[in-house]
Amino acid sequence: MGYLYNTPEQEREMLDVIGCDNIEQLLDQVPSDLQLKGKLDLPEPMTELELQDHLTRLAARNHCDRVCFRGGGAYDHFVPAVVDEIAGRGEFYTAYTPYQPEASQGSLQAFFEYQSLICALTGFDVSNASLYEGGTAVSEAAFMAMRVTRRDGKILLSEGVHPEFRQVVETYTRELDTEVITIPAVNGVTDLSRLKEVIDDQVACVVFQQPNFFGCIEPGEEICEIARKHGALSVVSFDPLSLGVLKRPADYGADIGVAEGQSLGIPLQFGGPYLGILACRDEFVRKMPGRLISLAKDRDGKQCYVLGLQTREQHIRRDKATSNICTNQGLLALRATVYLSLMGPEGLREAATLSCQKAHYAADRLQEVDGLKLAFDGPFFKEFTLSYSGDADELVKRAADAGFDIGPSLKHFPGAPESSHDSVLIAVTETRSKDQIDALVSALKE
Amino acid sequence: MGYLYNTPEQEREMLDVIGCDNIEQLLDQVPSDLQLKGKLDLPEPMTELELQDHLTRLAARNHCDRVCFRGGGAYDHFVPAVVDEIAGRGEFYTAYTPYQPEASQGSLQAFFEYQSLICALTGFDVSNASLYEGGTAVSEAAFMAMRVTRRDGKILLSEGVHPEFRQVVETYTRELDTEVITIPAVNGVTDLSRLKEVIDDQVACVVFQQPNFFGCIEPGEEICEIARKHGALSVVSFDPLSLGVLKRPADYGADIGVAEGQSLGIPLQFGGPYLGILACRDEFVRKMPGRLISLAKDRDGKQCYVLGLQTREQHIRRDKATSNICTNQGLLALRATVYLSLMGPEGLREAATLSCQKAHYAADRLQEVDGLKLAFDGPFFKEFTLSYSGDADELVKRAADAGFDIGPSLKHFPGAPESSHDSVLIAVTETRSKDQIDALVSALKE
Amino acid sequence: LATAPIFELSKKGRRAATLPKCDVPTVELSDLLLEDVLATSPPPLPELSEGDVVRHFVNLSTLNMCVDTHFYPLGSCTMKYNPKRHERLARLHGIGDLHPYSRVEDSQGMLQILYELQEMLGEIAGLPAVSLQPAAGAQGELAALHVASAYFADRKESRTKVVFPSSAHGTNPASAALAGFECIQLPPSSNGLVDVEALKNAVDEQTAVFMVTNPNTLGLFEKDIAKISSILHDVGGLVYIDGANMNAILGITRPGDFGGDMMHYNVHKTFTGPHGAGGPGAGPIAVRSFLADYLPGPIVTKTEKDGQPYFELSVPPKSIGRMRSFFGNVGILLRGYFYLRTLGSDGLRKVSEHAILNANYLRTRLEELMPVPNADRCMHEFVASAKKLKDEKGITAMDIAKRLLDYGFHAPTVYFPLVVPEAMMIEPTETESKETLDAFFETFKQIISEESERLHEAPESTSIRRPDEVSAARNPVLSWTACVKD
Amino acid sequence: LATAPIFELSKKGRRAATLPKCDVPTVELSDLLLEDVLATSPPPLPELSEGDVVRHFVNLSTLNMCVDTHFYPLGSCTMKYNPKRHERLARLHGIGDLHPYSRVEDSQGMLQILYELQEMLGEIAGLPAVSLQPAAGAQGELAALHVASAYFADRKESRTKVVFPSSAHGTNPASAALAGFECIQLPPSSNGLVDVEALKNAVDEQTAVFMVTNPNTLGLFEKDIAKISSILHDVGGLVYIDGANMNAILGITRPGDFGGDMMHYNVHKTFTGPHGAGGPGAGPIAVRSFLADYLPGPIVTKTEKDGQPYFELSVPPKSIGRMRSFFGNVGILLRGYFYLRTLGSDGLRKVSEHAILNANYLRTRLEELMPVPNADRCMHEFVASAKKLKDEKGITAMDIAKRLLDYGFHAPTVYFPLVVPEAMMIEPTETESKETLDAFFETFKQIISEESERLHEAPESTSIRRPDEVSAARNPVLSWTACVKD
């Protein structure tokens, strides 16, 4: 099939106007020795019906029917139908960057509301209009901290930060002289004494995650305090849904908050597109990467919305831009906006509370199973690390065979400490029921 | 959960304005002895998440994963994604009857286009904006024929008309003196000699189906001719998709064409809502039931669309209306409109041709199976009747156990002739592949 | 360009849909089908590209006002919010794609849903026997009237008349006539309610059914409904409740408890089946037990199999027959089921309480501007009269309705019911907030302060201005071909 | 009302979402989590009803122009029709709900798709090694520049410079700077193409990469690209092809065949991933075999298991590392996969042929009205200049752009590339018909005949008029709280 609009007759008419005999003549612009001889070697085309059959068959080879207790940074939270309905409107998903504000007030206002909701959620003064996802958000925050502090010597990353986020920082900084230092986790949380030892006046920022990759609650306030004392910024990678019950990053002293926003109404879709959140205090705004939407007035004095502070961006500043990112994750920011609007304070509190209560029930019950115990003593939110007396992958497989997805096993993350190789993550969201938790426990007891 | 908009505080403010202490006082309008004591006995409410889990469980108890060769008036034709996208727009599905044309040009134009497309499809001059479904469309056509011919003595229905459509006519006419006479089918098609015997000048119309319920092609032109000779109208219930290859009803002389429009982009959804199509020649327009959209001019002379010929309808004519139907099947008419716009002449021809070719391949191959043979000799389109040497239901069950839905068995239709009790319908649409047909044959051979 | 008639967008040779190549051995169609039934060319449908189809219909959609975009207080139509979750769930695999002739053992999930819906609708009505078959309210009326006929025929009673008040929906007499009854309309009453004395005089042993909407089309509860029912029952007749206004009484009072013998629901009004720009609806009926045997079928019955509940389809023993093919408008019934399962009894009662609260609030405020005849309270809707404005300033109900469109409000129902001059029938529903009602009131106030000349010209800002409906009725153009001919 | 800022629609105590009751034994949160990490109250999000949320966002959506509603010839952005079937398929159960850490054995369908996509992208590029990881074109650039660094580091070469023409997209220098390179911009050339002599002078053994868009941002094919590549290769540098304009050359010529060593795709441009009002995109990169080991990972590899193809994830041996968490922007990649599978090689070539046909047709017609500097042919887009109009009549490119909105056309890209004064960069794409292009031309003609005063005031008919962007930049208000404070 194809998507051609002009009929052969129209093609003829158009070529006449152009003054060509055929389309081949138009292709003369490409030197003939560079033109492809023959055809691309691609599979035969399919019609819509054939494609749908093909996809249905492939989809059946992915296993999504198990009860999901899987975590590691992407979660099976509930996505209300309204989110899909709004994000499914062509007016949003087939528009582009709002270069013409007069024809884009829908997106612009939605993104302004996104920024405002993220500010309300985090306590920060300002949020950008989104970044790619959590890992790049951490990197962008680290670069931003270097600009703010004018320090590019060191970045400290807690081992509690998602290992893939840390890998992204490693990649982004690979051509810089900046030293990226990992502060180990002890008993599942950032080792504060090690942090205090390492930190000095070359450190641009201290990055930690709350709750961290192991599910544990970090001593956030103390980490921020330590950073502040040394003139470094504190960057926290938070779980947005957890803010239904946990203190907001700005309220415990963080300078920059970043997040993977997938839990705010975004489907799992094998890892992306997701949503990178970045918010901070007012004073850093001109050092912020990414797009910003600003309130403005039109010629008649009517309130409206425009792309703001574009002088930070690469189409104006080119190699001096705050970042090379040139879009936001518009459709995902829209999903988060609709999600947060639907949830409101009470809905978010309930979703967070349910996730937390069910996770604790699951943790209690799972420890009844021989060979399973909580890897760490400290408090956790909706996810926890379970250590197993045998091979962690074998545990995941046993669960899978019984109809449950758990994990991932920690040993699959590069640089995972040896001590974590017997461990798996278990995440419990508001979508899980007591019956499902009990059934998982029973299955693992067998 | 619920859908309340006013907060308790607003409720208070509103009651103050009304001059009531509480909502109970507003309910005083209902005499207290008529008020319900206690609560309705309904299941406990569910949240969206719970409802989705509940429905997912119930859906799993319906078997829809088999390869579908099922027919009998509802077919597994392909529904292009564009149809769902358009019909899923709130602007269409949350609007109502276009009483205010200035605020409803979207629906009005779409329905005008529906009428125009049905005219192009059938060859008739005029189509209404749709009726409930195929069975009531047949009844409405019969009533219309009585008004046109001023005859209410007899209606002749071919046995080839869907038995449920015939039942609907029986119900609609039960309080009238009109005699509903069934003309039997012989070798799967209307018995013309019997028809000629029965028809007289009291007959308002002769109703037949093309292709008929057994899948067979009727001698449509001859039936229309016989009706015309006796001053009766010919009413044909056609398969709209078949008109990709078959002659149009108006072109072979039918006076009124009606149809079940499900094959035009409407999902199966256990039988409804579907689409009743009714079209006819210009001269009958004022006797037509149902809504009609007309082209008009607005005050500035701009072309627009309005509800037309409303004087036929029940909100003006009340008990003298042409019908009691007071809506159309707007959203389904929209689906058909989008479907036909996408298919165009060539697409419709291809879909019809593929269905026809595959049905014939399937019929040939199925007759390789011991005990299976075509019940009738004549030509068929996409569906055919297979007679079986054993119990028809047992054949359906064998197919089901092997992963195929066939049928229905004819014996389940009230009034089915004894001779059909060993028979099942097999329908093959463009969505079936050779592999699936071959697999069905193999399964039944075992 | 995009909203030009779709036939004008056509260009010979363009294609949107493409179908797979044929994978079975092919035969000439003329060998499969007789030459004389084959068309010589496919039907002259327009030829379009896929993107043009999308752009055309998306642009058309934006010419509509709808509940998703605007306050839509169209009286008698209950334009409430249609939950998006219902749309998602109705499409579920196993639900949206179930064939109507699926075997009973293959449809247990669906049959359970439909059985539970029957039970819930019976409970809400106080009328235990339910048929889900009718495709719309009007078909529900017709079905119930046939049930009444069959019942009386069974009792060898010859009853030929159906009586209804003058404020009745037009479908009531239309359905009665279609079912072969003689229609008797009561004279208008002074207080907007059924005149009990007039009714007494109108009914006798020839009366089959009295059809009444309660609350009625003025938004008033027929307080004498118990007495009315007795009058009918005393002459051996039946009382039919038109359920169009059920949104006012859910969990507060029940048709079966106030004397109704039969009723229909409008699932698309009361239970959020979306209105679909005019349909589909669903019009299930509920009746007293003694009428159960006459219901149209199939209906769902519950039995047991291997100790588990098992659902079957059955036709009542003296059924009037089918009203339509297949089971019913299942897609719409499902949305009603979803709604009822999410609300429960408390939630359902709250729906009506807040529908009444909103209507009374708006009524009280609007009464400052326009009289609302007949009572100082209403149920879920009310009918204001622009007669005084017309007499004094020349502003008609239609003028106000049209001008409301300019301000971003859909118009109320106008000129119905016929018993109120310059009627404006306003039904806010429970899914609107005080803020919206206040904004509507302020707009109303603004409008009636405007120059009447401007109002006669309204609307100004819609995609078209007032159409000339008279000449369209005189000279209807009903299809593209007809239009091109002209 | 509905489009008021969402915080203004809030009313304390309103609820949209409701969550289930807790079905596990509950414990005080302060017993589960330390008191000092708990918030004393939930975040101050607005409180809304569900219907108000829907009405708000549906109304907002109608304030956008988009491909589904309007011709959107935004140059460099390839605003082509986004097939609806892709949206349906991307949501399929088993596709849309697959967890990123699904085990490899549980993701074979998805991995097969992604593997096939890698293969197809490699074939189209003529560069066999592909990583699907980058989240957008700009991230693809960055990834490729890191690949180049790693490659040179491996070869112990110290190369610090990235060179690009003055017409380059702003992301090119921004990415190069972020990857630690020094940016060297070539001076503007007289014919819109890379000045080969200037390039020769600019490159040396310090040059790591030359970044070039081909066709370039003027819509011209760099006819000397083979020579350009040789120049780079002669000094040991690499050629990077910015794939933003791939829509012009699909199946006609391949970056790998004309000398490119690395490139990125914009799946949301070339392969119909919808633009989402600014994202998400996907920016997979393709490189020559000798660079494969440095690609970011994971990538999908194909092996065998039990005689069947089996797909696995692996990280290239000398990988630069991850560009992001998880696999990539799979949702967008899927749409690219669907597109390629439906088009095949002939269909794909037709895409570019018709993109070129449409651009040249519109170019030829518009040239009557405005000069199109630099050549008498273009590839898939062209850049007209309003300079003459500005000089003669005071009409700027911006005026025309704004006025087009009034006539129902989205504006072209204006004032880019910087090398053309009063630039209007027009890319019709192949998914528009001659009728649309003709209507656009007629409108253009109409506009330049209008009074310049009126054009300065345009647009007139949009929901807002021209915003005061200067004061917004001086005094940005970036959140509701900030706005309320003001």
Side-chain angles (χ1 to χ4, degrees), chain B residues 2 5 10 14 29 34 39-40 42 45 58-59 61-63 86 89-91 93-97 102-103 105-107 116 119 121 132 135 164 167 171 175 269-273 294-296 298-299 304 306 308 314-315 318-319 321 324 327 329-331 342 344-345 347 349-350 361 408 434, chain C residues 16-17 19 23-24 39 42-43 47 53 57 60-61 63-68 92 94 98 100-101 106 108-109 135 138 170 173-175 177 180 183 221 258 274-280 321-322 324-327 329-331 344-345 347 353 361 433-434 462 464-465 467 472 476-477 479-480:
Chain B
Y5 285 54
Q10 289 182 308
M14 294 166 81
Q29 297 171 82
L34 300 183
K39 291 182 182 187
L40 291 171
L42 297 177
L58 288 172
R61 301 191 60 209
N62 298 324
H63 293 271
I86 299 298
R89 285 185 62 85
E91 286 90 333
Y93 77 78
T94 77
Y96 200 31
T97 301
E102 300 89 340
Q105 285 297 300
S107 312
S116 305
C119 289
L121 184 69
Y132 302 137
E164 294 187 358
Q167 287 177 280
T171 307
E175 301 304 326
Q269 42 192 355
F270 202 58
S294 174
L295 198 68
D298 80 357
R299 229 168 236 213
C304 64
V306 297
Q314 59 307 117
H315 59 276
R318 297 176 78 89
D319 56 322
N324 74 330
T327 47
Q329 294 284 95
L331 203 58
L342 288 171
R349 191 181 58 73
E350 286 176 10
Y361 176 75
K434 178 171 180 298
Chain C
L19 284 105
D23 62 353
V24 300
E47 300 176 54
V53 172
F57 289 106
L60 283 192
S61 79
L63 305 180
N64 278 356
M65 280 188 174
C66 67
V67 175
D68 273 3
L92 273 186
L98 189 63
Y101 292 137
D106 291 339
Q108 285 296 302
S175 298
C183 295
F221 192 85
F258 58 64
H275 285 68
R322 286 194 160 270
R324 49 161 294 163
S325 59
F326 308 121
F327 183 87
N329 274 2
V330 175
S345 59
E353 289 181 354
Y361 175 72
S433 64
K434 177 173 179 295
T462 45
I464 61 156
R465 299 188 60 216
V477 179
S479 77
W480 171 251

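Convention: sequence-line order gives letters A, B, ...; per-chain numbering from 1. Values in this document were obtained by computation on a predicted structure and should not be read as measured data.
Across B:K39 and C:S345, no two heavy atoms sit closer than the pair CD-OG, 3.9 Å. What you find for B:T327 and C:G278 is that their closest heavy atoms are CB-O, 2.7 Å. Closest approach of B:E102 and C:P467 over heavy atoms only: OE2-CD, 3.6 Å. Annotation for B:S116 and C:W480: closest pair OG-N, 2.8 Å, computed over non-hydrogen atoms. Nearest heavy atoms, B:C119 versus C:S479: SG-CB, 3.9 Å. Closest approach of C:V24 to B:K434, counting heavy atoms only: CG1-CB, 3.8 Å.
Looking only at distances, a side-chain donor or acceptor of B:T94 sits under 3.5 Å from a matching main-chain atom of C:D68. Formation of a donor-acceptor pair under 3.5 Å by the B:N62 side chain with backbone atoms of C:G94 is found in this model. In this structure a side-chain-to-backbone donor-acceptor pair under 3.5 Å is missing from B:Q167 to C:R322. No donor-acceptor pair closer than 3.5 Å links the side chain of B:D319 to the backbone N or O of C:A174.
Among B:H63, B:R61, B:E350, B:E164, the residue making the largest number of heavy-atom pairs under 4.5 Å with chain C is B:E164. Highest contact tally toward chain B, considering only C:A138, C:G347, C:A277, C:G279, is held by C:A277 [criterion: heavy-atom pairs under 4.5 Å]. Most heavy-atom pairs under 4.5 Å with chain B, from the set C:A16, C:S175, C:G276: that is C:G276. Contacts with chain C were tallied for B:A95, B:G330, B:G271; B:A95 has the most, counting heavy-atom pairs under 4.5 Å. When each of C:S433, C:A17, C:C66, C:P476 is scored by its heavy-atom pairs under 4.5 Å with chain B, the top score falls to C:C66. Between chain C and the residues B:G308, B:P273, B:G344, the most heavy-atom pairs under 4.5 angstrom are made by B:P273. Each of B:A59, B:G135, B:S294 has some count of heavy-atom pairs under 4.5 Å with chain C, and the biggest count is that of B:S294. Interface check for chain C: of the options B:P408, B:G347, B:P345, B:G90, the most heavy-atom pairs under 4.5 Å are formed by B:P345. Among C:V67, C:D23, C:V53, the residue with the largest count of heavy-atom pairs under 4.5 Å with chain B is C:D23. The candidate from B:L40, B:L34, B:L331, B:L121 with the greatest count of non-hydrogen atom pairs under 4.5 Å with chain C is B:L40.
To the nearest 0.5 Å, the span separating CD on B:E91 from CE on C:M65 amounts to 12.0 Å. Separation of atoms CZ (B:R299) and CD1 (C:I464) is listed at 11.0 Å; rounding is to 0.5 Å.
Within the 4.5 Å cutoff, no side-chain heavy atoms of C:P43 are placed close to those of B:R349.
Classified by interplanar angle (parallel below 30°, tilted 30° to 60°, perpendicular above 60°), the ring pair B:Y96/C:H275 is perpendicular.
C:S61 and B:R89 are linked by a side-chain donor-acceptor pair at a separation below 3.5 angstrom, with hydrogens and angles left out of the test.
Taking B:S107 as the reference, C:N64 meet the side chain to side chain donor-acceptor pair (under 3.5 Å) condition, with sequence neighbours excluded. Listed by chain and number, the residues in a ring-ring contact (aromatic ring centres under 6.0 Å, His included) with C:F258 are C:F221 (sequence neighbours excluded).
For a residue to count as touching a neighbouring chain, one of its non-hydrogen atoms must lie under 4.5 Å from one of that chain's; by this rule C:L19 touches chain B with backbone and side chain alike. The parts of B:L342 that come within reach of chain C are both its backbone and its side chain, each placing non-hydrogen atoms under 4.5 angstrom from that chain.
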